[in-house]
Amino acid sequence: MNKFNQISNRQTFVGIDARTIAYYGRIADIQAKPLPSDELRHLNVSTTRRTQLIEMRIAEQNRLDVSRLEMQKNIKKHLCWLESQIEYIETEIDASIKDDQALRGKDELLQSVPGVGKVLSSTWLTQLPELGILSNKEITALVGVAPFPRESGNWKGARFCQGGRNSVRQVLYMATISVPRFDPIIKQFYEQLLERGKLKKVALIACSRKLMTILNAMIRNNSNWNPKTESFSV
């Protein structure tokens with residue numbers, strides 16, 4: 001009898017939790033999103049593994065510089081193996097994207113951005129499937145480059161960014177560093193921020209946020225990179 005009562009109470013609590021979650025979903029206007037396809041999940045596994053291999057390669061290269069002579073041979077051998085594995089998995093990723101018409105189209109759009117290559121593009125495609133679906137405010141918050149206020153009563157602190165998808169944010173920073181070398185518009189935006197007294201790190205995050213909104217619009221509108229149509233006013 002006690003066991004039956006425990007099961008009954010558990011079912012009651014589950015029902016209450018389900019109704020509470022459903023109510024919150026209606027109030028917060030949370031929209032259901034389709035699950036990623038098998039192809040996208042497989043590609044995500046591949047890009048994650050490539051990131052792991054690249055991190056191992058960097059670690060081994062750092063060890064090579066400080067290792068004793070008798071250990072360097074072993075490290076170099078491991079580096080060669082890592083290079084072959086990275087090359088193999090990148091070939092797999094390229095083939096997977098080319099075989100999927102939707103991914104191939106998005107990949108071409110993203111790589112039309114100066115400074116964005118296949119590594120950055122494939123990472124965004126697999127680890128940020130919401131790109132082109134969410135609003136600019138939502139996508140920047142999801143990545144972790146949206147500033148949030150820090151206030152308490154009359155006290156107001158500096159706005160700050162936190163959370164988000166670290167792997168996506170890392171490649172976004174890489175792109176932000178590369179793009180100004182090829183595009184004078186973002187370079188000008190960055191320099192204007194510095195002239196206003198912004199720290200270099202703050203200016204870089206602002207450029208990352210701007211670039212993220214542009215990429216979001218490109219995928220949403222199915223349009224190639226065109227800096228002349230973008231506004232970069234400070």
Side-chain angles (χ1 to χ4, degrees), residues 35-132 139 142-145 163-183 186 201 204-205 207-209 211-212 214-216 218-219 224-225:
L35 292 172
S37 63
D38 292 338
E39 291 79 6
L40 189 57
R41 285 197 293 268
H42 174 74
L43 189 57
N44 190 16
V45 171
S46 298
T47 55
T48 300
R49 181 55 181 164
R50 177 182 59 192
T51 300
Q52 294 169 348
L53 290 169
I54 291 174
E55 289 174 350
M56 283 190 281
R57 180 179 64 184
I58 293 172
E60 285 291 69
Q61 287 172 337
N62 291 336
R63 293 188 189 102
L64 185 63
D65 295 333
V66 296
S67 295
R68 290 182 297 181
L69 191 61
E70 59 267 27
M71 288 301 299
Q72 289 183 5
K73 184 178 180 180
N74 179 272
I75 294 174
K76 289 178 180 179
K77 184 177 180 181
H78 189 209
L79 280 170
C80 289
W81 180 84
L82 288 171
E83 290 287 357
S84 65
Q85 291 299 303
I86 293 171
E87 184 178 348
Y88 171 78
I89 207 163
E90 284 185 343
T91 302
E92 260 197 348
I93 291 171
D94 290 344
S96 298
I97 291 176
K98 289 178 181 179
D99 290 343
D100 189 297
Q101 184 175 357
L103 289 177
R104 184 172 68 250
K106 291 180 180 179
D107 179 61
E108 291 172 355
L109 292 179
L110 291 175
Q111 290 202 48
S112 70
V113 179
V116 174
K118 59 183 181 180
V119 174
L120 304 182
S121 178
S122 60
T123 302
W124 281 326
L125 289 175
T126 56
Q127 300 185 24
L128 194 64
E130 298 88 352
L131 190 63
I139 201 72
L142 184 61
V143 174
V145 291
R165 297 181 184 171
N166 185 53
S167 58
V168 178
R169 188 169 58 254
Q170 285 180 349
V171 296
L172 177 61
Y173 287 159
M174 291 170 58
T176 307
I177 293 172
S178 300
V179 170
R181 300 176 184 175
F182 305 95
D183 189 276
I186 295 184
K201 183 178 179 179
L204 180 62
I205 293 174
C207 290
S208 298
R209 183 165 58 251
L211 179 58
M212 192 75 259
I214 294 172
L215 295 172
N216 196 45
M218 286 171 54
I219 298 299
N224 284 317
W225 168 264

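Note that the structure is a prediction, hence the values are computed from the model and not measured.
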J.: With side chains defined as the heavy atoms from C-beta onward, is the minimum distance between M218 and V113 less than 4.5 Å?
T.: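 When only atoms from C-beta onward are counted, V113 and M218 do touch, with a gap below 4.5 Å.
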J.: For L211 versus A175, what's the shortest heavy-atom pair and its separation?
T.: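 Closest pair (atom of L211, atom of A175, distance): CD2-CB, 4.0 Å.
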J.: Passes side chain to side chain contact (heavy atoms under 4.5 Å, CB included), L204 versus T176? Steps please.
T.: CA-CA 7 Å; L204 180 62; T176 307; 3.5 Å; yes
J.: With a 4.5 Å limit on heavy-atom distance, are the side chains of I89 and E92 in contact?
T.: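 Result yes, sub-4.5 Å side-chain heavy-atom pair found.
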J.: Which atoms form the tightest heavy-atom contact between S112 and W225, and what is the distance?
T.: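 In this case the closest contact between S112 and W225 is OG-N, 3.1 Å.
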J.: Would you say that D107 contacts L125 through its side chain, given a criterion of any heavy-atom pair below 4.5 Å between the two side chains?
T.: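 The answer is yes; the side chains approach within 4.5 Å.
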J.: What distance do S208 atom OG and I177 atom CD1 have between them, rounded to the nearest 0.5 Å?
T.: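 Here the rounded value is 8.0 Å.
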J.: With a 4.5 Å limit on heavy-atom distance, are the side chains of I93 and V119 in contact?
T.: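 Answer no - side chains too far apart.
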J.: Within this structure, what is the NE2-CE distance for the pair H78 and M56, rounded to the nearest 0.5 Å?
T.: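 With rounding to 0.5 Å, NE2 (H78) is 6.0 Å from CE (M56).
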J.: Rounded to the nearest 0.5 Å, how far does CG of L109 lie from OG of S121?
T.: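 Output value for this atom pair is 9.0 Å.
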J.: Do we see a donor-acceptor contact under 3.5 Å between the side chains of R169 and N166?
T.: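 The answer is yes; a qualifying pair exists.
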J.: Atom OG1 in T51, atom CD in Q127: separation rounded to 0.5 Å?
T.: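 Reported value, rounded in 0.5 Å steps: 6.0 Å.
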J.: For L43 and I97, run side chain to side chain contact (heavy atoms under 4.5 Å, CB included): C-alpha distance rounded to whole Å, both residues' side-chain angles, the deciding distance at 0.1 Å, then the answer.
T.: CA-CA 8 Å; L43 189 57; I97 291 176; 3.8 Å; yes
J.: Looking at E70, I want to see if its CD is surrounded by more than 12 non-hydrogen atoms of other residues, nucleotides or ligands under 6.0 Å.
T.: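 Count over threshold, so yes.
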J.: Provide the closest heavy-atom pair for G132 versus N216 in the form atom of the first, atom of the second, distance.
T.: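 Scanning both residues completely, I find the closest heavy atoms to be N-OD1, 2.6 Å.
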J.: With a 4.5 Å heavy-atom cut-off, do V116 and W124 have their side chains touching?
T.: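 Yes. Closest side-chain heavy atoms under 4.5 Å.
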J.: Could I get the full list of side-chain hydrogen bond (donor to acceptor under 3.5 Å, both in side chains) partners for N74, not counting sequence neighbours?
T.: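 Applying side-chain hydrogen bond (donor to acceptor under 3.5 Å, both in side chains) to N74 gives none.
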J.: How many angstroms lie between atom NZ of K106 and atom CG of L131, to the nearest 0.5 angstrom?
T.: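 Going from NZ on K106 over to CG on L131, the span is 7.5 Å.
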J.: Is it the case that the side chains of Q52 and R49 hold a donor-acceptor pair, with the cut-off being a distance below 3.5 Å and no angle test?
T.: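 R49 vs Q52: donor-acceptor pair found between side chains.
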J.: Please name the pair of heavy atoms, one in V145 and one in I205, separated by the smallest distance, quoted to 0.1 Å.
T.: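 For V145 and I205, the tightest heavy-atom pair comes out as O-CG2, 4.2 Å.
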J.: Please report the closest heavy-atom contact between L40 and T126, naming both atoms and the distance.
T.: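 That would be CD1-CA, 4.0 Å.
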J.: When you look at N44 and T48, which way does the side chain to side chain contact (heavy atoms under 4.5 Å, CB included) test go after all the steps?
T.: CA-CA 6 Å; N44 190 16; T48 300; 3.6 Å; yes
J.: Enumerate donor-acceptor pairs with a distance under 3.5 Å from any side-chain N or O in residues 79-86 to protein atoms, sequence neighbours excluded.
T.:
from: E83; atom 1: OE1; to: R57; atom 2: NH1; distance (Å): 3.2
from: E83; atom 1: OE2; to: R57; atom 2: NH1; distance (Å): 3.3
from: S84; atom 1: OG; to: W81; atom 2: O; distance (Å): 2.6

J.: Output yes when a side-chain donor or acceptor of E130 lies under 3.5 Å from a complementary backbone atom of I139, and no otherwise.
T.: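 Not at all, since once roles are kept as given, no pair shorter than 3.5 Å links the two residues.
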J.: Can you tell me how far apart NZ (K77) and CD (E60) are? Round to the nearest 0.5 Å.
T.: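 Spacing of NZ (K77) from CD (E60) equals 13.0 Å.
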J.: Run the side chain to side chain contact (heavy atoms under 4.5 Å, CB included) test on I75 and Q72 for me, step by step, so that the C-alpha distance in whole Å, both residues' side-chain angles and the decisive distance to 0.1 Å come before the verdict.
T.: CA-CA 5 Å; I75 294 174; Q72 289 183 5; 5.6 Å; no
J.: When you compare the side chain of L142 with that of L128, does any pair of heavy atoms fall below 4.5 Å?
T.: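 Yes, side chains in contact.
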J.: If you compare all heavy atoms of N224 against all heavy atoms of E108, which two are closest, and at what distance to 0.1 Å?
T.: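 Heavy atoms of N224 and E108 come nearest at OD1-O, 4.3 Å.
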